[in-house]
S.K.: 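One structure coming up, written as C-alpha coordinates, with questions to follow.
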Amino acid sequence: LLVAGLGLLFAPKTTFGLLFDVRTIATGWIQVFGTIAAALGMYYVGTAVGDTEGSGARGFYASTVIGRIFIFITFCYLVSQKFVEQQLVLLAVLNLVSAVSM
(Lines give C-alpha, C1' and ligand atoms only; values in the text may rest on other atoms or scores of the structure.)
Protein backbone atom coordinates (compact mmCIF):
# COMPACT_ATOMS: atom_id res chain seq x y z
CA LEU A 1 0.00 0.00 0.00
CA LEU A 2 2.87 2.35 0.83
CA VAL A 3 4.59 1.69 -2.50
CA ALA A 4 1.34 1.99 -4.48
CA GLY A 5 0.52 5.25 -2.70
CA LEU A 6 3.94 6.71 -3.43
CA GLY A 7 3.58 5.63 -7.04
CA LEU A 8 0.24 7.45 -7.28
CA LEU A 9 1.74 10.51 -5.63
CA PHE A 10 4.94 10.82 -7.68
CA ALA A 11 3.87 9.23 -10.98
CA PRO A 12 0.10 9.66 -10.92
CA LYS A 13 -0.73 9.23 -14.59
CA THR A 14 1.58 6.28 -15.10
CA THR A 15 0.49 4.44 -11.97
CA PHE A 16 -3.22 5.21 -12.25
CA GLY A 17 -3.07 4.47 -15.96
CA LEU A 18 -2.05 0.88 -15.31
CA LEU A 19 -5.67 0.10 -14.42
CA PHE A 20 -7.81 3.11 -15.29
CA ASP A 21 -8.30 5.81 -17.91
CA VAL A 22 -6.38 8.85 -16.63
CA ARG A 23 -8.72 11.19 -18.49
CA THR A 24 -11.52 10.41 -16.03
CA ILE A 25 -9.96 12.15 -13.02
CA ALA A 26 -7.71 15.15 -12.39
CA THR A 27 -4.08 14.32 -11.67
CA GLY A 28 -4.18 16.25 -8.37
CA TRP A 29 -6.93 14.03 -7.02
CA ILE A 30 -4.96 10.94 -7.98
CA GLN A 31 -2.13 12.41 -5.90
CA VAL A 32 -4.50 13.05 -2.97
CA PHE A 33 -5.54 9.40 -3.05
CA GLY A 34 -1.88 8.40 -3.31
CA THR A 35 -1.10 10.49 -0.24
CA ILE A 36 -3.81 8.79 1.79
CA ALA A 37 -2.78 5.33 0.56
CA ALA A 38 0.87 6.04 1.43
CA ALA A 39 -0.13 7.23 4.91
CA LEU A 40 -2.14 4.04 5.47
CA GLY A 41 0.88 2.06 4.31
CA MET A 42 2.97 3.94 6.89
CA TYR A 43 0.52 2.82 9.56
CA TYR A 44 0.97 -0.83 8.57
CA VAL A 45 4.75 -0.52 8.52
CA GLY A 46 4.75 1.26 11.88
CA THR A 47 2.54 -1.41 13.39
CA ALA A 48 4.81 -4.18 12.11
CA VAL A 49 7.92 -2.43 13.44
CA GLY A 50 6.19 -1.85 16.78
CA ASP A 51 5.28 -5.52 17.03
CA THR A 52 8.83 -6.56 16.15
CA GLU A 53 10.29 -4.25 18.79
CA GLY A 54 7.75 -5.34 21.38
CA SER A 55 6.15 -1.91 21.72
CA GLY A 56 2.74 -3.14 20.58
CA ALA A 57 0.18 -0.45 19.83
CA ARG A 58 2.68 2.32 20.51
CA GLY A 59 4.26 1.62 17.10
CA PHE A 60 0.88 2.12 15.46
CA TYR A 61 0.25 5.38 17.32
CA ALA A 62 3.66 6.75 16.40
CA SER A 63 3.15 5.84 12.74
CA THR A 64 -0.20 7.66 12.66
CA VAL A 65 1.52 10.82 13.87
CA ILE A 66 4.13 10.51 11.12
CA GLY A 67 1.45 9.68 8.54
CA ARG A 68 -0.72 12.65 9.45
CA ILE A 69 2.23 15.04 9.30
CA PHE A 70 3.03 13.55 5.88
CA ILE A 71 -0.59 14.19 4.83
CA PHE A 72 -0.36 17.80 6.05
CA ILE A 73 2.86 18.51 4.16
CA THR A 74 1.73 16.78 0.98
CA PHE A 75 -1.74 18.35 0.89
CA CYS A 76 -0.24 21.82 1.43
CA TYR A 77 2.21 21.17 -1.40
CA LEU A 78 -0.56 20.01 -3.76
CA VAL A 79 -2.59 23.14 -2.95
CA SER A 80 0.44 25.45 -3.33
CA GLN A 81 1.07 24.04 -6.80
CA LYS A 82 -2.64 24.48 -7.65
CA PHE A 83 -3.03 20.76 -8.37
CA VAL A 84 -6.15 20.73 -6.14
CA GLU A 85 -8.55 23.24 -4.63
CA GLN A 86 -7.41 25.34 -1.67
CA GLN A 87 -10.12 23.93 0.61
CA LEU A 88 -7.94 20.84 0.98
CA VAL A 89 -5.79 22.90 3.36
CA LEU A 90 -8.58 22.52 5.94
CA LEU A 91 -8.12 18.74 5.93
CA ALA A 92 -4.36 19.25 6.03
CA VAL A 93 -4.61 21.42 9.13
CA LEU A 94 -6.99 18.98 10.83
CA ASN A 95 -4.45 16.21 10.27
CA LEU A 96 -1.64 18.33 11.70
CA VAL A 97 -3.67 19.32 14.76
CA SER A 98 -4.62 15.71 15.43
CA ALA A 99 -1.00 14.59 15.00
CA VAL A 100 0.47 17.12 17.42
CA SER A 101 -2.29 16.52 19.97
CA MET A 102 -1.25 12.90 20.47
S.K.: Give the intermediate values and the outcome of side-chain contact (heavy atoms from CB on, under 4.5 Å) for residues Val79 and Lys82.
M.R.: CA-CA 5 Å; Val79 169; Lys82 300 187 191 294; over 6 Å; no
S.K.: Please round to the nearest 0.5 Å and tell me the distance separating atom OG1 of Thr35 and atom CH2 of Trp29.
M.R.: 10.5 Å
S.K.: Taking all non-hydrogen atoms of both residues into account, name the closest pair between Gln31 and Leu9 and its distance.
M.R.: NE2-O, 3.1 Å
S.K.: I'd like to know whether CZ of Phe70 has more than 12 heavy-atom contacts from other residues, nucleotides or ligands below 6.0 angstrom.
M.R.: yes
S.K.: Do you know which two heavy atoms are closest between Tyr43 and Thr64, and how far apart they sit?
M.R.: CE2-CA, 3.3 Å
S.K.: Rounded to the nearest 0.5 Å, how far apart are CD1 of Ile36 and CZ of Phe75?
M.R.: 4.5 Å
S.K.: Using a 4.5 Å cut-off on heavy atoms from C-beta on, say whether the side chain of Thr24 contacts that of Phe16.
M.R.: yes
S.K.: Tell me the closest heavy-atom pair linking Ser63 and Met42, and the distance in Å.
M.R.: CB-O, 3.5 Å
S.K.: Looking at Thr27 and Pro12, what are the two nearest heavy atoms and their distance?
M.R.: CG2-CG, 3.3 Å
S.K.: Do you know the tightest heavy-atom contact between Ala37 and Gly5?
M.R.: CB-CA, 3.8 Å
S.K.: As an exercise, state the distance from CZ of Phe20 to CD1 of Ile25, rounded to the nearest 0.5 Å.
M.R.: 9.5 Å
S.K.: Should the heavy atoms of other residues, nucleotides or ligands under 6.0 Å from CD of Gln81 be counted, would the total exceed 12?
M.R.: yes
S.K.: Is Val3 reachable from Val49 through a run of I, L, V, M, F, W or Y residues, each pair having side-chain heavy atoms under 4.5 Å apart?
M.R.: no
S.K.: Atom CG of Leu96 and atom CD1 of Ile71: how far apart are they, to the nearest 0.5 Å?
M.R.: 11.0 Å
